[in-house]
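Worksheet: the structure to be examined is printed underneath.
All of these numbers come straight from a predicted model, not from anything done at the bench.
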Amino acid sequence: LSLVGMAELLYTTRTGPGVSPDSVQYIYSARTFAEGRGFLSIYVDGGNGAVTHYPPGYSMALAIAAFCIPGGSLTSAGTGLGILLWGINLFLVMWLMHRYTGRTALALVVGFFLMTSLDLLRIHEMVWSEPLFFLLSLLALWKIADYCGTLRPRDLVIAIVCTALAAITRYIGVVLI
């Protein structure tokens, strides 16, 4: 189902990713980061300054994705990152559902409903930080649950790293701390 979901998103973004005013800020900040000028925000008057309204995590992920994609376009990176995150998020939710319930059919039904959710599809087709935040939050909560059951330090470290990355991807991520 994850691959079907990725194909679905590939089709819906065939003319490019969805872009909003937030997307423009993320892309501009990724560009200035990639140029070595730090995380800058573009202002309405055409000037720029340090980003304070948007956390830098997603812009950093965009810049890294653009570096890894031939051609290096930030909008292509936004599309590719959205498609990749959609597939990973679908798979992870289904896998966790199966792991904690032991029911394959339930995991597939949940995956189907997620895959056909127009709101989730729209979020992943936009150049927005929500898909990355969702992944990092889900990973953090999973590893915290694992740590509580096993007390393995590795699980705690992974949870801490994912929580920190979630917090620099979306400021609301501090609630995971």
Side-chain angles (χ1 to χ4, degrees), residues 1-93 111 113-141 161-177:
L1 280 178
S2 294
L3 293 175
V4 172
M6 291 172 75
E8 168 190 39
L9 193 57
L10 182 62
Y11 178 76
T12 63
T13 58
R14 66 192 177 281
T15 59
V19 178
S20 70
D22 286 1
S23 305
V24 172
Q25 292 293 346
Y26 289 127
I27 291 168
Y28 185 78
S29 183
R31 177 174 293 127
T32 61
F33 173 72
E35 292 170 350
R37 298 188 295 145
F39 296 101
L40 299 179
S41 181
I42 191 165
Y43 298 141
V44 176
D45 67 3
N48 61 35
V51 173
T52 57
H53 189 68
Y54 298 91
Y58 183 68
S59 295
M60 188 181 308
L62 265 180
I64 292 168
F67 179 77
C68 294
I69 293 174
S73 160
L74 289 166
T75 53
S76 296
T79 301
L81 194 56
I83 292 169
L84 180 66
L85 290 170
W86 182 230
I88 293 170
N89 287 337
L90 285 171
F91 176 81
L92 188 58
V93 168
F113 282 119
L114 288 176
M115 186 183 72
T116 58
S117 167
L118 294 180
D119 290 333
L120 285 176
L121 184 64
R122 175 82 55 214
I123 287 168
H124 283 79
E125 75 182 17
M126 300 294 290
V127 180
W128 285 347
S129 61
E130 282 83 350
L132 181 58
F133 176 74
F134 179 77
L135 174 64
L136 293 168
S137 299
L138 196 56
L139 289 171
L141 294 172
V161 168
C162 289
T163 299
L165 291 172
I168 65 165
T169 299
R170 293 193 57 81
Y171 288 136
I172 193 66
V174 299
V175 301
L176 294 171
I177 296 175

Residue pairs fulfilling salt bridge (charged side-chain N to carboxylate O under 4.0 Å, His left out) with at least one residue in residues 51-64, sequence neighbours excluded: none
Partners meeting side-chain contact (heavy atoms from CB on, under 4.5 Å) with I123 (sequence neighbours left out): W128, E130, P131
Backbone of S20 reached by a side-chain donor or acceptor of S23 within 3.5 Å: yes
All pairs passing salt bridge (charged side-chain N to carboxylate O under 4.0 Å, His left out) where residues 57-83 contributes a residue, at least two apart: none
Set of side-chain contact (heavy atoms from CB on, under 4.5 Å) partners for L141, sequence neighbours left out: L176
Pairwise side-chain contact, P17 with T75, heavy-atom cut-off 4.5 Å (strictly under): yes
Smallest separation among heavy atoms of G111 and L90, with atom names: O-CD2, 4.1 Å
Enumerate donor-acceptor pairs with a distance under 3.5 Å from any side-chain N or O in residues 47-54 to protein atoms, sequence neighbours excluded.
residue : atom : partner : partner atom : Å
N48     : ND2  : Y28     : OH           : 2.7
Y54     : OH   : D22     : OD1          : 2.6

Check: V4 and M115 side chains under 4.5 Å, non-hydrogen atoms: yes
Side-chain heavy-atom pair L81, L132 within 4.5 angstrom cut-off: no
Donor on one side chain, acceptor on other, S76 and T79, under 3.5 Å: no
Gap between atom CG of L120 and atom CG of L9 - 0.5 Å precision: 11.0 Å
Pairs where residues 62-87 contributes a residue and the test salt bridge (charged side-chain N to carboxylate O under 4.0 Å, His left out) is met, not counting sequence neighbours: none
Atom pair CG (L84) and CG (N89), whose distance is rounded to the nearest 0.5 Å: 9.0 Å
Spacing of CG belonging to L3 relative to CG belonging to L10, to within rounding of 0.5 Å: 11.5 Å
S29 (side chain) donor-acceptor with Q25 (main chain) under 3.5 angstrom: no
Heavy-atom pair with the smallest gap, counting every atom of R122 and M126: O-CG, 3.1 Å
Atom of M6, atom of G87 and distance for their closest heavy-atom approach: CG-CA, 3.4 Å
T32: partners by side-chain hydrogen bond (donor to acceptor under 3.5 Å, both in side chains), with sequence neighbours left out: none
Under the ring pair (Phe, Tyr, Trp, His ring centres under 6.0 Å) test, residues paired with F134 that sit two or more places apart: none
Residue pairs, two or more places apart or on separate chains, that pass side chain to side chain donor-acceptor pair (under 3.5 Å) and touch residues 1-14: T12-E125
Derivation of the side chain to side chain contact (heavy atoms under 4.5 Å, CB included) call for I83 and H124: CA-CA 7 Å; I83 292 169; H124 283 79; over 6 Å; no
For residues 56-69, dump all side-chain donor-acceptor pairs below 3.5 Å to protein atoms at least two apart in sequence or in another chain.
residue : atom : partner : partner atom : Å
S59     : OG   : Y26     : O            : 3.1

Within residues 57-79 or reaching into it, pairs that qualify as salt bridge (charged side-chain N to carboxylate O under 4.0 Å, His left out) - sequence neighbours excluded: none
Within 6.0 Å of CG in L118, more than 12 heavy atoms from elsewhere: no
